[in-house]
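A short write-up of the structure that comes next.
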Amino acid sequence: MAAINFYGTTSLPGFFGVESNGLVQGQYQPAPSNRNNVSGAFVDITVTAPVYGGMLITEYAPAADALVSLGGKVDVATSTATGTGFVVANGMYNAVITAGALGATVAPYVTGGNSVQLARFGSGLEVAVAIDPAIVATVQGGVINQQVSWDATNQRLTTYAEASGALPCQILKIEKNSKVISIDATSGLPVWSDGTAALIRLN
């Protein structure tokens, strides 16, 4: 009787993925040691812009008359110095999923008054954020604690500027084959595109 090779398998082209490199903006990396460090808060009702994963936010302690169990409020950070953490998309099940012509490309988002998941600086969470392609060549291959600042207009890491201050993070890796978010000029909605993202640890 001929021996049967139970380990022989066939991978047909197009049937099985062989590479899974890349990051998705706003996703934090799950890890048993820090997954419970994800927090929750509500977006300030005055915020009219869409809020999505990978945005730098400013978090405020709950007011005296607020329902503390619901968390504090957050606003979109206007600078590196005012940032206290990032919105993370994992588990943000209340985010708007847009149907229609742009539905396939619009990223999940919320607006003022809605809750968000967030990762605070100091949490040790590793979060994927967008990075300015112009600084990739400078940052990639450098020490993980090199200084970078935050571009609050385009919502991405950018060149360190002393006037802006340094974002408290470590740059663990950069992936060019990633999904990043930008604002569509016509609809004003956040849309997915292929781009470069960085995985950072929040110090």
Side-chain angles (χ1 to χ4, degrees), residues 20-31 33-35 37-39 41 43-44 47 49-60 72 74-90 92 107-109 116-185 190-203:
S20 58
N21 290 338
L23 299 166
V24 178
Q25 180 179 328
Q27 298 286 312
Y28 70 86
Q29 304 298 297
S33 61
N34 59 22
R35 60 185 176 138
N37 289 335
V38 176
S39 305
V43 180
D44 191 353
V47 175
V51 177
Y52 49 87
M55 292 186 83
L56 185 67
I57 50 89
T58 303
E59 182 182 9
Y60 300 89
V74 298
D75 200 349
V76 179
T78 56
S79 67
T80 305
T82 60
T84 59
F86 285 91
V87 174
V88 291
N90 311 52
M92 203 164 73
Y109 68 94
V116 288
Q117 302 261 74
L118 56 96
R120 298 182 179 120
F121 288 121
S123 65
L125 284 164
E126 298 174 4
V127 182
V129 298
I131 182 171
D132 185 350
I135 72 167
V136 169
T138 303
V139 175
Q140 203 160 32
V143 294
I144 63 172
N145 62 345
Q146 59 192 293
Q147 292 183 315
V148 289
S149 294
W150 186 256
D151 179 350
T153 301
N154 296 302
Q155 290 298 320
R156 62 190 185 185
L157 291 177
T158 190
T159 305
Y160 169 71
E162 187 174 354
S164 301
L167 202 68
C169 70
Q170 295 175 325
I171 303 174
L172 303 182
K173 68 176 177 178
I174 296 173
E175 293 280 0
K176 294 183 178 179
N177 182 34
S178 298
K179 289 294 182 183
V180 295
I181 300 172
S182 59
I183 297 298
D184 181 73
V191 293
W192 292 112
S193 62
D194 295 330
T196 304
L199 184 66
I200 61 173
R201 178 181 290 124
L202 306 186
N203 297 336

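Throughout, residue positions are numbered sequentially from 1 according to the sequence presented.
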Minimum heavy-atom separation for [X] to [Y], with atom names?
X: Trp192; Y: Ala107; value: NE1-CA, 3.4 Å
X: Cys169; Y: Asn203; value: C-ND2, 3.3 Å
X: Ala130; Y: Gln25; value: CB-OE1, 3.6 Å
X: Ala119; Y: Val127; value: CB-CG2, 4.1 Å
X: Asn37; Y: Ser123; value: ND2-O, 2.9 Å
X: Asp194; Y: Val180; value: C-CG2, 4.4 Å

request  = For the residue pair Ile181 and Met55, establish whether any side-chain heavy-atom pair is separated by less than 4.5 Å.
outcome  =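 Heavy-atom side-chain distance check fails, nothing below 4.5 Å.
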Roughly how far apart are [X] [atom1] and [Y] [atom2], rounded to 0.5 Å?
X: Gln29; Y: Leu199; atom1: CD; atom2: CG; value: 5.0 Å
X: Leu125; Y: Ile200; atom1: CG; atom2: CD1; value: 10.5 Å
X: Leu23; Y: Glu126; atom1: CG; atom2: CD; value: 10.5 Å
X: Tyr160; Y: Leu157; atom1: OH; atom2: CG; value: 14.5 Å
X: Thr196; Y: Glu175; atom1: OG1; atom2: CD; value: 9.5 Å
X: Ser149; Y: Leu167; atom1: OG; atom2: CG; value: 7.5 Å

Test your reading of the model: is there a side-chain donor-acceptor pair from [X] to the backbone of [Y], 3.5 Å cut-off?
X: Asp151; Y: Thr158; answer: no
X: Thr80; Y: Ala166; answer: no
X: Gln155; Y: Ser182; answer: no
X: Thr84; Y: Arg120; answer: no
X: Asn90; Y: Tyr28; answer: yes
X: Thr82; Y: Thr58; answer: no

Name each donor-acceptor pair under 3.5 Å that joins a side chain in residues 131-143 to protein atoms two or more places apart or in another chain, with its distance.
{"from": "Asp132", "atom 1": "OD1", "to": "Ala134", "atom 2": "N", "distance (Å)": "3.0"}
{"from": "Gln140", "atom 1": "NE2", "to": "Ile174", "atom 2": "O", "distance (Å)": "3.4"}

ask   = Listed by chain and number, what are the side-chain hydrogen bond (donor to acceptor under 3.5 Å, both in side chains) partners of Asp75, not counting sequence neighbours?
value =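 Asp75 satisfies side-chain hydrogen bond (donor to acceptor under 3.5 Å, both in side chains) with no other residue.
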message = Between Ile183 and Tyr52, is the side chain to side chain contact (heavy atoms under 4.5 Å, CB included) condition met? List the steps.
response = CA-CA 11 Å; Ile183 297 298; Tyr52 49 87; 3.9 Å; yes
task = List for me each residue that meets ring-ring contact (aromatic ring centres under 6.0 Å, His included) alongside Phe121, sequence neighbours excluded, and say none if there are none.
result =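 Partners of Phe121 under the ring-ring contact (aromatic ring centres under 6.0 Å, His included) test: Phe86.
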message = Pair Val129, Trp150 - check side chain to side chain contact (heavy atoms under 4.5 Å, CB included), show working.
response = CA-CA 10 Å; Val129 298; Trp150 186 256; 4.1 Å; yes
